[in-house]
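Only this structure's heavy atoms are used, side chains among them; waters, hydrogens and symmetry mates stay out. Within every chain, numbering begins at 1; the chains are lettered A, B, ... in the order of the sequence lines, protein sequences first and strands thereafter.
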Protein chains: 2
Amino acid sequence: MAKNCDFIEKLRELGLRPTKQRVNICEVLFNREKTFHFTINDLVKMISEKMNQKISLATVYNTVHAFEKKGYLKEISIDSHKSYFDTNTSAHHHFFDEDTNELIDCDENDIDPVNIKKNITGKKINSVEVLIKVASDNQNQK
Amino acid sequence: MAKNCDFIEKLRELGLRPTKQRVNICEVLFNREKTFHFTINDLVKMISEKMNQKISLATVYNTVHAFEKKGYLKEISIDSHKSYFDTNTSAHHHFFDEDTNELIDCDENDIDPVNIKKNITGKKINSVEVLIKVASDNQNQK
DNA sequence: AACTACATTATAATAATTCTAAACTATTGA
DNA sequence: TCAATAGTTTAGAATTATTATAATGTAGTT
Ligand SMILES: [Mn+2]
Ligand SMILES: [Mn+2]
Ligand SMILES: [Zn+2]
Ligand SMILES: [Zn+2]
């Protein structure tokens with residue numbers, strides 16, 4: 001269980017001022033056992049549930065984007081209407097359950113490393129991400 | 001070079017009325033040698049350049065989504081701010097050039113098939129997509 | 001403490017997307 | 001033929017998502 005002073009230190013290291021808005025958002029995002037996936041909307045709900053303080057929507061966007069730029073969050077885009085952030089910033093792949101709209105981390109052993117045989121000339125590979133969309137097996141699907 | 005009557009037939013087959021808006025959009029999208037990638041904005045510009053008729057933005061959205069649902073277009077989402085549609089609806093992977101914001105089809109031979117060893121229990125795999133983000137190799141990057 | 005330069009917040013503005021009422025079109029049957 | 005009508009499509013209006021910027025806050029300097 002991380003303490004507030006840990007987040008304050010961490011924010012300072014990143015060159016971000018440890019304002020109370022940011023510390024609160026850190027608590028909601030990073031004060032937990034496991035990494036997880038969330039949308040901006042999820043986060044706004046979590047903040048209003050867990051915190052007494054109101055944080056403006058623009059500040060939530062600012063903070064999430066600041067953390068993303070600093071490498072503390074990763075964005076995973078499913079389609080133009082569904083975009084998630086991931087507190088697991090290591091290189092990993094995802095299943096997306098189209099029935100429940102749930103994004104699920106692939107385990108290391110679930111998928112073999114992607115083998116790229118030929119890259120665009122003069123370019124360096126920054127990331128390789130696999131998205132596996134799944135849905136109910138049986139039954140009459142829409 | 002496809003003729004308008006081809007598009008009219010095709011739309012009818014799909015169960016969509018061949019309105020002049022839709023036939024015009026078909027001409028812009030499908031009357032060409034190679035498949036390509038576009039954003040809604042790109043498409044609006046192409047329509048206003050190539051056509052004398054004005055089509056409302058809502059109709060462009062409606063039509064693109066109708067074509068997507070019918071399997072005539074595929075959506076490729078890069079991040080929440082960049083979403084492309086692809087007239088190549090076969091299963092294939094992509095490079096995304098972060099310098100130019102260009103989406104490029106992977107050739108069959110550029111990448112080995114993705115080997116998924118363990119899927120979510122009770123779910124069927126609907127699609128597997130790899131996105132490889134690349135950028136300038138050399139120089140001082142931001 | 002006052003001044004300054006910069007960082008941060010959050011309101012106001014803008015951009016992206018969808019809702020829905022009006023305009024069309026196909027079908028039916030008199 | 002050609003209303004009547006049920007469904008489809010369009011596009012202006014409304015909503016939602018995101019960002020720009022003015023106001024506020026903070027830290028360093030004298
Ligand atoms: Mn972003
Ligand atoms: Mn869509
Ligand atoms: Zn993840
Ligand atoms: Zn493509």
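The nearest whole Å value for the distance from the CD1 atom in B/Ile40 to the C1' atom in C/dA15 is 14 Å. When the P atom of C/dT25 is taken as reference, atom CZ of B/Arg12 falls 12 Å away, rounded to whole Å. A straight line from CG of B/Leu57 to P of D/dA14 spans 17 Å, rounded to a whole angstrom. Here the P atom of nucleotide D/dT15 and the CG atom of A/Asn41 are 17 Å apart, to the nearest Å. In this structure, B/Ile8 places its CD1 atom 13 Å from P of C/dT25, rounding to the nearest Å. Rounded to whole Å, the distance from NZ on B/Lys54 to P on D/dT10 is 13 Å. B/Ile25 has its CD1 atom 13 Å from the P atom of D/dT9, to the nearest Å. Distance B/Asn62 CG to C/dA23 C1': 14 Å, rounded to the nearest Å.
In the set D/dT18, C/dT17, C/dA10, the nucleotide with an atom closest to the side chain of B/His81 is D/dT18. Closest contact between the side chain of B/Arg17 and the listed nucleotides D/dT10, D/dT9, C/dT18 involves D/dT9.
Close to D/dT18, at under 4.0 Å from its OP1 or OP2, lies no side-chain N or O of A/His65. Of the side-chain N and O atoms in B/Arg22, one or more sit less than 4.0 angstrom from OP1 or OP2 of D/dT10. Checking the phosphate oxygens (OP1, OP2) of D/dT10, no side-chain nitrogen or oxygen of B/Ser56 falls inside 4.0 Å. In this structure, B/Tyr61 reaches the C/dT17 phosphate: one of its side-chain N or O atoms is under 4.0 Å from OP1 or OP2.
Heavy-atom distances to DNA chain C give each of B/Thr19 and A/Lys20 a nearest nucleotide, and the one nearer the 5′ end belongs to A/Lys20. Each of B/Ala58 and A/Ile55 was matched to the nucleotide of DNA chain C holding its nearest heavy atom; the match closer to the 5' end belongs to A/Ile55.
The side-chain tip of B/Arg32 points at the ring of B/Phe36 from less than 6.0 angstrom away and within 45° of straight on.
Atom OG1 of A/Thr59 sits about 5.5 Å away from atom CG of A/Asn62, to the nearest 0.5 Å.
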Could you please spell out the steps behind the side-chain contact (heavy atoms from CB on, under 4.5 Å) verdict for A/Lys123 and B/Asp97? CA-CA 8 Å; A/Lys123 300 278 173 173; B/Asp97 186 331; 2.9 Å; yes
Check step by step if side-chain contact (heavy atoms from CB on, under 4.5 Å) holds for B/Leu131 and B/Leu103. CA-CA 10 Å; B/Leu131 182 66; B/Leu103 192 62; 4.2 Å; yes
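B/Asp86 places none of its side-chain heavy atoms less than 4.5 Å from the side chain of B/Phe38.
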